[in-house]
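Throughout, protein chains are lettered first and strands after them, A, B, ... in sequence-line order, and every chain is numbered starting at 1.
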There are 2 protein chains.
Amino acid sequence: MGVTKTEAYTAPQLELADLCKALAHPARVAILEHLLTQDCCICQDLTDVIDLSQPTLSRHLQVLRDAGLILGTTEGTSRSYCIHPAHWRRVQGMLNGFFDRFQDGCC
Amino acid sequence: MGVTKTEAYTAPQLELADLCKALAHPARVAILEHLLTQDCCICQDLTDVIDLSQPTLSRHLQVLRDAGLILGTTEGTSRSYCIHPAHWRRVQGMLNGFFDRFQDGCC
DNA sequence: TAGTAATATAGCAATATTGCTATTAACTGC
DNA sequence: GCAGTTAATAGCAATATTGCTATATTACTA
């Protein structure tokens, strides 16, 4: 029904799934890649870099913010976005913890 | 419109997004975790472990197979699933490559 | 205060995802 | 061949996601 039975899963399972959901769109990957190329948290006009309307980009940024992957600080009339350092490393650790559980193949 | 403008993104961006999409559901995370606890590729009746109907689980397994995360081999009347060793490591490497691009925070 | 610039929200249409029941397909054992 | 078991597919309803245009909000500036 397009609805996920969240109550049946553990908190870590839900957290990992939610994080991956935030990364599960090429526009959001592109936004993060763009932020990664910036030395610092420059709020570039993403509409020049990614072919989407301003409101659509704003929504994607919100998803990334909700997932904790980026930080947005108001700076006058514009907004400065950057990778959320602590959370970024935490997420990487979480993913590695998940993938490291696989030791040896059988097949 | 619920449709993603795939043509606007690079192949790596699309690949990373697709992979994350495969991980973006707690049931699929739970399936992978279950496979990780098995020494070998035992095809357990996942319906006992995860509270979903057999067809729904079959669909999730298909998504994981399409993403290359698991391997399924027919074994008589049942089917043996296991982590896809090579691809598993490749995916981990890809994710790490992405997350490692972040060097120093600015804020 | 009025005007401008930048981002966010509202509201919509189209498509995707998730889950179910019912059915089909593929193999096993009799 | 025929029943039983297991996984996959068909087809559906409900919800989620994505994208747009139009509008609202917020902060600066003259």
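The distance between atom OH of A/Tyr9 and atom C1' of C/dG19, rounded to the nearest whole Å, is 10 Å. Whole-Å rounding puts the B/Leu46 CG to D/dA8 C1' distance at 14 Å. The CG-P distance, from B/Asp66 to D/dA8, rounds to 12 Å in whole Å. Rounded to an integer number of Å, the gap from CG of A/Leu61 to C1' of D/dT17 is 16 Å. Taking atom CG of residue B/Leu57 and atom P of nucleotide C/dT17, one finds them 18 Å apart after rounding to whole Å. Rounded to a whole Å, the CG atom of B/Leu64 is 14 Å from the P atom of C/dT17. Distance B/Arg59 CZ to D/dA7 P: 17 Å, rounded to the nearest Å. Computed from coordinates, the B/Arg65 CZ to D/dA7 C1' distance equals 10 Å when rounded to whole Å.
Considering only residues two or more places apart in sequence or on other chains, A/Tyr9 meets the ring-ring contact (aromatic ring centres under 6.0 Å, His included) condition with none of them. Under the side chain to side chain contact (heavy atoms under 4.5 Å, CB included) criterion, A/Ser53 pairs with A/Pro55, A/Thr56, sequence neighbours left out.
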Where along nucleotides 22-30 of chain C does protein come under 4.0 Å, by heavy atom, of base (B) or sugar-phosphate alone (S), with - for untouched nucleotides?
-> B----SS--

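Residue B/Ser58 has its side chain nearest to D/dA8 when only D/dA8, C/dA6, C/dC20 are considered. Checking D/dG19, C/dT9, C/dA8 against the side-chain heavy atoms of A/Gln62 singles out C/dT9 as nearest. Comparing atom distances between the B/His25 side chain and each of C/dA6, C/dG19, D/dG19 picks out C/dG19 as nearest. The A/Ser78 side chain lies nearest to C/dA6 when the options are D/dC20, C/dA6, C/dG19.
In plain terms, the two heavy atoms of A/Trp88 and B/Phe99 that are nearest each other are NE1-O, 2.9 Å.
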Check residues 20-33 of chain B and write down every donor-acceptor pair under 3.5 Å in which the side-chain atom is one partner and the other belongs to a residue at least two apart or another chain.
unit_1  : atom_1 : unit_2   : atom_2 : d
B/His25 : ND1    : B/Ala27  : N      : 3.0
B/His25 : NE2    : A/Thr4   : OG1    : 3.1
B/Arg28 : NE     : B/Ala22  : O      : 2.6
B/Arg28 : NH1    : B/His60  : ND1    : 3.0
B/Arg28 : NH2    : B/Lys21  : O      : 3.1
B/Glu33 : OE1    : A/Gln13  : NE2    : 2.7
B/Glu33 : OE2    : A/Arg101 : NH2    : 2.9

Acceptor/donor pairs from residues 63-74 of chain A side chains to any protein atom, 3.5 angstrom cut, sequence neighbours excluded:
unit_1  : atom_1 : unit_2  : atom_2 : d
A/Arg65 : NH2    : A/Tyr81 : OH     : 3.4
A/Thr73 : OG1    : A/Ser80 : O      : 3.4

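For B/His60 and C/dT17, the shortest distance from a side-chain N or O to OP1 or OP2 is not below 4.0 Å. Here A/Ser53 does not reach the OP1 or OP2 of D/dG19: none of its side-chain N or O atoms lies under 4.0 Å away. Using a 4.0 Å cut-off, no side-chain N or O of A/Tyr81 falls inside it from OP1 or OP2 of C/dA6.
Listed by first then second residue, pairs satisfying side chain to side chain donor-acceptor pair (under 3.5 Å) with a partner in residues 91-100 of chain B read A/Gln92-B/Asn96, A/Gln92-B/Asp100, A/Asn96-B/Gln92, A/Asn96-B/Asn96, A/Asp100-B/Gln92, not counting sequence neighbours.
The shortest side-chain heavy-atom distance between B/His34 and B/Thr37 falls under the 4.5 Å cut-off.
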